[in-house]
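Structure provided below as structure tokens; questions to follow.
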Protein chains: 2
Amino acid sequence: MGPTSRAHQREQTIRTLVTEARRLFAGRGYGAVGLAEIVAAAGVTKGALYHHFDGKAGLFRAVLEQVQQEVAARVAAAAERHDDPWERLTAGCRAFLAAGSDPEVQQIMLVDGPAVLGWSEWRAMDEAASARHLAEALQGLIDDGTIAFQRVEPLTHLLSGAMNEAVLWLARPGPDGDHPDHPDHPDHPDHPDHPDHPDHPRDLADTMAALTRMLESLRS
Amino acid sequence: MGPTSRAHQREQTIRTLVTEARRLFAGRGYGAVGLAEIVAAAGVTKGALYHHFDGKAGLFRAVLEQVQQEVAARVAAAAERHDDPWERLTAGCRAFLAAGSDPEVQQIMLVDGPAVLGWSEWRAMDEAASARHLAEALQGLIDDGTIAFQRVEPLTHLLSGAMNEAVLWLARPGPDGDHPDHPDHPDHPDHPDHPDHPDHPRDLADTMAALTRMLESLRS
DNA sequence: TAGCGTGACATACCGACGGTATGTGAATGT
DNA sequence: ACATTCACATACCGTCGGTATGTCACGCTA
């Protein structure tokens, strides 16, 4: 079975640590989770954690990196299913809003990320993971004249910020408690009436419509 | 001089505590500032702090409330200098981007706020302070047909998020260190006279231009 | 294959921090 | 005047992030 080689053990420990930390950070936020809880869930001790990461923030950085990679992958996959640059952009935005429905994305990537690592480092990581693709897509549309000539950076940050906030708003808890403490998954949805978690199912569509209108308006 | 009445002492202590906490939180972030440092700067002890606030987060809440009030006041003041609803909106947005040049606004209101109090409470406070005015302005423009008919909430959050991110991006440190550690108070109490800095003077103009274009595009 | 260096942890411990319980003296109502 | 309450100060506690040190298995070399 699993060969107990050094490299394998190392990788295994790191993976478990990141996975459990991700689960706990997403559930109760960075500040409310202690290292003791993390290492207990991972079945190791603090010694192991500090052997592989430089402290709590370092572990969080690894978690954030993983989350960002996954979001970026989902967005890229959605974009690549289209050929027209404009379609690629809108599809990517749609995929981002959809990916944000994951509570892990909201809490780790959008709420705790900037506060724990500082805004500039968070921005740099987001840039490397996904904002770069957004900027490239926009630049392409500017170059071929699809949207009005302008610098990409301001536009990129405006759109990026708009979508980040939209993700958090879309995930807001409904009138009833959405996840009082743990986003646990009981087999029975509260209201079997409606399909699934969009508390306000029209919000996603309306938000995407407004976003599309904003993008559309940039056409020259 | 100061009448040493109970109410006066109370108010004085609270004000000093909030002021010093605001300065320290803005300078090094919520997590890096201890209560001991705050109460020492305010010239009181932890007993006083816990007598007036319910813990560190409670003090931060009071600080955030103050910062949000000030930003909202500046935005409102800028908006009220115009009569045309459209001008009021754009002027308000411009004032918000300018108000964000204050490092206290960036760190306290935009970075630590959501992480410390949780996104939903932060959102509720922002809603009460300023986002409500944005929503009302947009609703007015929708009602009189200036911009396309649509729900206000998605639009409000998209614009709010866009501007929040824009503020942080505009304040990014230049190639040289902007504020090595302490952006601590120069002798000039608040605004030197110009909002301040821009490391990249064209960024603010370009961002405002892009934002205006986005708004303009919503016209029906 | 015996030995040995190194990597991958576990254990024990420390200082600091957020929070609480209790004491105290001045201001205030009666 | 006296009692009460308020606005703190003091002393203390549990927990947490971080560190120093110990230990044992793996893997390379001779």
Side-chain angles (χ1 to χ4, degrees), chain A residues 1-22 24-25 27-64 108 112-113 115-118 121, chain B residues 1-22 24-25 27-64 108 112-113 115-118 121:
Chain A
M1 309 232 3
T4 317
S5 76
R6 292 282 258 280
H8 182 262
Q9 275 202 10
R10 175 187 176 89
E11 181 196 357
Q12 182 82 6
T13 300
I14 290 179
R15 237 205 1 246
T16 310
L17 232 23
V18 169
T19 300
E20 294 302 312
R22 171 172 173 167
L24 291 166
F25 284 154
R28 302 208 310 276
Y30 178 85
V33 177
L35 291 184
E37 196 174 357
I38 296 175
V39 296
V44 295
T45 65
K46 286 202 288 182
L49 198 162
Y50 277 89
H51 183 68
H52 295 292
F53 304 93
D54 48 348
K56 192 185 180 186
L59 176 58
F60 179 83
R61 191 184 345 260
V63 170
L64 175 58
I108 295 172
D112 283 332
V116 173
L117 302 179
E121 184 176 352
Chain B
M1 3 234 71
T4 319
S5 75
R6 291 268 263 270
H8 182 261
Q9 275 201 11
R10 176 186 174 90
E11 182 197 354
Q12 183 81 5
T13 300
I14 291 179
R15 243 215 340 262
T16 310
L17 232 22
V18 169
T19 301
E20 294 303 310
R22 172 172 172 167
L24 291 167
F25 284 154
R28 305 208 308 276
Y30 177 84
V33 177
L35 290 185
E37 196 174 356
I38 296 175
V39 296
V44 294
T45 64
K46 285 202 290 181
L49 199 162
Y50 276 90
H51 183 69
H52 295 292
F53 304 94
D54 49 346
K56 192 184 181 186
L59 176 59
F60 179 83
R61 193 185 344 259
V63 171
L64 174 58
I108 294 173
D112 283 332
V116 173
L117 302 180
E121 183 176 354

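Protein chains get the first letters and strands the later ones, always in sequence-line order, with residue 1 at the start of each.
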In this structure, how many angstroms lie between the P atom of D:dC26 and the CZ atom of A:Arg10, rounded?
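One finds 17 Å between P of D:dC26 and CZ of A:Arg10, rounded.
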Could you tell me whether the phosphate oxygens of D:dC8, OP1 or OP2, come under 4.0 Å of any side-chain nitrogen or oxygen in B:Thr13?
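It does, given that an N or O in the side chain of B:Thr13 lies less than 4.0 Å from OP1 or OP2 of D:dC8.
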Kindly indicate, with the supporting measurements, whether the criterion side-chain contact (heavy atoms from CB on, under 4.5 Å) is fulfilled by B:Thr13 and B:Thr16.
CA-CA 5 Å; B:Thr13 300; B:Thr16 310; 5.9 Å; no
Could you state the CG-C1' distance from B:Leu17 to D:dA7, rounded to the nearest angstrom?
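Result: 13 Å.
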Whole-Å distance separating the NE2 atom of B:His51 from the P atom of D:dC8:
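The distance from NE2 of B:His51 to P of D:dC8 comes to 7 Å, rounded to the nearest Å.
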Which part of the nucleic acid does A:Gly47 contact within heavy-atom distance under 4.0 Å: base, sugar-phosphate only, or nothing?
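The answer is base, as A:Gly47 lies within the cut-off (heavy atoms under 4.0 Å) of a base atom.
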Answer yes or no: is there an ion pair linking A:Arg28 with A:Glu37, defined by an N-O contact shorter than 4.0 Å?
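Looking at A:Glu37 together with A:Arg28, the answer is yes, because their closest N to O distance falls below 4.0 Å.
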Write down the distance between NZ (A:Lys46) and P (D:dT15), rounded to a whole number of angstrom.
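Atom-to-atom, A:Lys46 to D:dT15, this comes out as 13 Å.
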Using a distance-only criterion (donor-acceptor N/O pair, under 3.5 Å, no hydrogens), is the base of D:dG18 paired with the side chain of A:Lys56?
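Answer is no: no donor-acceptor pair is held.
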To the nearest 0.5 Å, what is the distance between CD (B:Glu11) and NE2 (B:His8)?
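Those atoms lie 6.5 Å apart.
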For DNA chain C, note the earliest and the latest nucleotide, 5' to 3', having some atom under 4.0 Å of a heavy atom belonging to chain A.
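Terminal contacting nucleotides, 5' to 3': C:dT6 to C:dT11.
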Would you indicate what A:Val33 reaches in the nucleic acid, counting non-hydrogen atoms under 4.0 angstrom: base, sugar-phosphate, or nothing?
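The residue A:Val33 makes sugar-phosphate contact but no base contact.
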What nucleic acid atoms does B:Gly55 come within less than 4.0 Å of, heavy atoms only: base, sugar-phosphate, or nothing?
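Sugar-phosphate, no base atom in range.
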Audit row: A:Leu35, A:Tyr50, side-chain contact (heavy atoms from CB on, under 4.5 Å) steps and yes/no:
CA-CA 10 Å; A:Leu35 291 184; A:Tyr50 277 89; 3.5 Å; yes
State whether the side chain of B:Asp112 and the backbone N or O of B:Tyr30 hold a donor-acceptor pair below 3.5 Å, judged by distance alone.
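Pair found, side chain donor or acceptor close to backbone of B:Tyr30.
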Pairs involving residues 45-61 of chain B, ordered by first then second residue, that meet salt bridge (charged side-chain N to carboxylate O under 4.0 Å, His left out) (sequence neighbours left out)
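Of all non-adjacent pairs touching residues 45-61 of chain B, those that pass salt bridge (charged side-chain N to carboxylate O under 4.0 Å, His left out) are B:Arg61-B:Glu121.
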